[in-house]
Amino acid sequence: MKKGLILTGLFVLVAGVVEAQQKKAQQAQPKKEQAVKQEEVMQVLKSGLSSDPRFAWKVQQDEAQRICSQYPSREEMPASAVQKVIQLSQAEIKYPQWGIYMGDWKEGKKLVDSPRGGRYASYGFSDKPTDKGGNCYACHLIEKGVPGGTMGPNLYQYGKRWNITKENLNSPETVEKIKSVYNIVYNSWSAFPCSSMPRFGYHGNLSPEDIANIVAYLLHPESPVNK
Amino acid sequence: MKKKLLLGVFTAGAIAGGLLSTKAFAQVEGEISPEEEMRLVQEFNKMLAEGVNPGEIWYEVGKEAIKKYHLDKCDLGLGPGVFKGAAAQLPRYFADAGKVMDLETRVGWCLQKYAGMTQDQVLKFVRQCWGKSGNCMSEYDGIIMYLTMESNGHKINVNLKDPHVKKMFEMGKQVYYTRLGPWDFNCATCHAGKKEVRIRATRLWSADRPGEAGGAVSIFPKYLVRWGMPMSMHYRYAECIRQMRWPEFIPHSDLGVALSTYMYGLANGTEIKAPGIGR
């Protein structure tokens with residue numbers, strides 16, 4: 001009799017805990033209540049931005065941007081959405097004409113240092129159409145002693161940490177490492193879906209050769225990054 | 001007496017602010033000696049240390065401009081010409097316009113109604129000092145400064161229970177998170193998240209950390225030392241949007257109102273304290 005009572009008590013307790021956990025899980029993933037429709041949002045957005053035909057292409061969202069816009073952060077994305085963004089991003093990464101190679105880090109440094117490229121307003125403060133750069137110091141600390149942002153990881157001694165030395169510079173392992181870093185700079189969402197980092201190569205802000213040079217700046221043992 | 005002091009500060013500030021920009025260096029180069037330059041910048045810093053904000057000059061400019069453009073007829077929600085505390089309850093729904101408007105949009109609407117301006121003329125009026133980095137006095141900036149300062153000390157109180165305002169708040173929130181453009185940016189790229197981060201050397205405020213949205217918007221218009229003039233919220237949107245590599249922002253658009261409703265809605269309860277001062 002007593003045993004039965006204890007068992008029933010335990011059963012009720014467990015059932016209660018399970019129900020509480022289920023409720024918590026439901027609350028953690030609330031149904032997406034759209035108080036305003038996606039089309040309305042895009043309409044308001046487009047009507048508030050210049051309709052200069054030269055820039056019309058800028059307000060066309062691609063599918064990955066559409067997916068990323070639905071969640072405030074990657075942590076709140078369901079696995080299916082994360083996988084979809086990775087899949088879309090890995091699908092089309094363009095490499096330089098000669099394939100993967102260690103670029104010119106001196107040229108890469110110029111692009112990393114430059115905050116210019118793509119900023120236009122009719123009232124002034126505009127970049128030249130030929131300006132380009134990655135504005136990397138906005139979000140990263142890169143060379144020792146140079147002020148940088150903290151939105152992205154600290155890249156100081158990046159090549160050293162990837163274990164790239166003068167001796168193994170031309171090894172197949174190093175080529176694979178160059179490729180991995182190249183993929184991140186070309187399309188950061190292929191490795192970090194919905195990252196704050198712009199997809200520089202995918203959007204054509206930087207050419208494959210530019211990216212090869214930037215990768216060299218990060219990885220080459222002679223680069224100031226690794227000194 | 002204070003007016004003279006402020007005028008003096010403004011002149012020093014305008015010259016110093018102008019000097020600090022490369023454009024003005026070319027203009028002033030042959031005219032002022034390096035010693036004179038230094039003296040002006042030091043005087044300017046002294047004024048700042050004494051707690052005088054050059055932005056307050058625009059209060060007087062705005063007061064005159066409101067008379068000039070018949071804006072004493074303008075109803076900001078508390079009645080025509082009632083300005084004390086009016087900015088604190090904006091953005092709000094206006095039945096006569098049939099839409100939600102923030103302070104700047106409402107002023108633009110009133111300029112069309114009572115000063116006979118066309119929409120294009122209003123936009124030109126708004127942008128008259130945009131892109132300039134020194135020695136530019138805008139009547140529009142003055143009007144916005146005056147109207148905001150008349151709410152100094154009042155707590156921001158956007159009525160989120162009004163269905164129109166609530167919808168605009170949601171709209172603003174959705175826009176805030178919309179990834180767009182060739183750099184994949186949205187407002188949340190910089191101004192969201194729990195972690196405290198910097199862009200270069202500047203600490204970024206976040207909509208996800210309580211009180212920070214309030215801290216950011218309650219001090220607008222914000223006097224900027226590098227430009228020697230105050231920056232209004234819509235100019236701030238235009239500059240953010242330029243940095244985001246989006247097409248150019250149109251002032252007084254629903255996009256501006258949506259962003260204002262979202263940010264001022266988050267800022268509810270914060271005391272208005274204009275003008276702020278920044279680099």
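Residue numbering restarts at 1 for every chain, and letters A, B, ... go by the order of the sequence lines.
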Subject >> Segment of B/Leu259 engaging chain A (4.5 angstrom heavy-atom cut-off) >> reply: neither

**OP:** Please look at A/Asp52 and chain B and tell me whether the side chain, the backbone, both or neither of the residue comes under 4.5 angstrom of a heavy atom of that chain.
**Re:** neither

Subject >> Residue part contacting chain B, namely of A/Ser73, when any heavy atom lies under 4.5 Å >> reply: neither

Original post:
Given a strict heavy-atom distance threshold of 4.5 Å, which part of B/Tyr176 is in contact with chain A: side chain, backbone, both, or neither?
Top reply: neither

Original post:
Can you find a heavy atom in the side chain of B/Glu239 that is under 4.5 Å from one in the side chain of A/Phe125?
Top reply: yes

Original post:
Relative to chain A, which of B/Ile250, B/Ile241, B/Asp184 shows the most heavy atom pairs under 4.5 Å?
Top reply: B/Asp184

Original post:
Can you tell which of A/Pro115, A/Cys139, A/Gly152 has the highest number of heavy-atom pairs within less than 4.5 Å of chain B?
Top reply: A/Pro115

Original post:
Taking every heavy-atom pair that is under 4.5 Å apart, which of B/Pro247, B/Pro182, B/Ser253 has the most such pairs with chain A?
Top reply: B/Pro182

**OP:** Output yes when a side-chain donor or acceptor of B/Gln174 lies under 3.5 Å from a complementary backbone atom of A/Glu40, and no otherwise.
**Re:** no

Original post:
Between the main-chain N or O of B/Val197 and the side-chain N or O of A/Thr150, is there a donor-acceptor pair closer than 3.5 Å?
Top reply: no

**OP:** Might you work through the side chain to side chain contact (heavy atoms under 4.5 Å, CB included) test for B/Leu180 and A/Lys58, ending with a clear yes or no?
**Re:** CA-CA 7 Å; B/Leu180 196 69; A/Lys58 290 187 179 183; over 6 Å; no

Original post:
So which of B/Arg203, B/Lys167, B/Lys173 has the biggest tally of heavy-atom pairs under 4.5 Å with chain A?
Top reply: B/Lys167

Original post:
More than 12 non-hydrogen atoms from neighbouring residues, nucleotides or ligands closer than 6.0 Å to CD on B/Gln119, yes or no?
Top reply: no

Original post:
Using non-hydrogen atoms only, which part of A/Gln43 is less than 4.5 Å away from chain B: side chain, backbone, both, or neither?
Top reply: neither

Original post:
If we only count heavy atoms from C-beta on, is the B/Trp246 to A/Val59 side-chain gap below 4.5 Å?
Top reply: no

Original post:
Would one find more than 12 heavy atoms of other residues, nucleotides or ligands at under 6.0 Å from atom NZ of B/Lys166?
Top reply: no

Original post:
So which of A/Ala56, A/Gly124, A/Gly148, A/Ser69 has the biggest tally of heavy-atom pairs under 4.5 Å with chain B?
Top reply: A/Ser69

Subject >> Atom group of A/Phe200 that falls short of 4.5 Å from chain B, counting heavy atoms >> reply: side chain

Original post:
Are the side chains of A/Asp62 and B/Arg179 in touch, meaning some heavy atoms are under 4.5 Å apart?
Top reply: no

Original post:
Is there a side-chain contact between A/Tyr123 and B/Glu248, using heavy atoms and a 4.5 Å cut-off?
Top reply: yes

Original post:
Relative to chain B, which of A/Gln60, A/Arg54, A/Arg119, A/Met42 shows the most heavy atom pairs under 4.5 Å?
Top reply: A/Arg119

Subject >> Best-contacting candidate, B/Arg127, B/Gln243, B/Glu196, B/Lys195, against chain A by heavy atom pairs under 4.5 angstrom >> reply: B/Gln243

Original post:
When heavy-atom pairs shorter than 4.5 Å are enumerated against chain B, which of A/Pro147, A/Ala64, A/Ser50 gives the highest number?
Top reply: A/Ser50

Original post:
With a 4.5 Å limit on heavy-atom distance, are the side chains of A/Asn135 and B/Arg200 in contact?
Top reply: yes

Subject >> Distance in Å, B/Trp183 CH2 paired with A/Ser196 OG, rounded so as to fall on 0.5 Å steps >> reply: 13.5 Å

**OP:** With a 4.5 angstrom heavy-atom cut-off, could you sort out which part of A/Ser195 is near chain B: side chain, backbone, both or neither?
**Re:** backbone

Original post:
In terms of heavy-atom pairs under 4.5 Å with chain B, which of A/Ser47, A/Gly149, A/Gly48 leads?
Top reply: A/Gly48

Subject >> Where A/Leu49 and B/Leu255 come nearest, the two heavy atoms and their spacing >> reply: CD2-CD2, 3.8 Å

**OP:** Would you give the length of the straight line joining atom CD of B/Glu170 to atom NZ of A/Lys37, rounded to the nearest 0.5 angstrom?
**Re:** 13.5 Å

**OP:** Under 4.5 Å heavy-atom distance to chain A, tell me which part of B/Asp254 shows up: side chain, backbone, both or neither.
**Re:** both

Subject >> Heavy-atom pair count under 4.5 Å with chain A, highest-scoring of B/Ala238, B/Pro251, B/Gly256 >> reply: B/Ala238

Original post:
Of all heavy-atom pairs between A/Gly118 and B/Arg245, which one has the smallest distance, and what is that distance?
Top reply: O-CG, 3.4 Å

Original post:
So which of A/Leu141, A/Asp127, A/Leu45, A/Val146 has the biggest tally of heavy-atom pairs under 4.5 Å with chain B?
Top reply: A/Leu45

**OP:** Decide yes or no for B/Leu204 and A/Met151: does some side-chain heavy atom of the first lie under 4.5 Å from some side-chain heavy atom of the second?
**Re:** yes

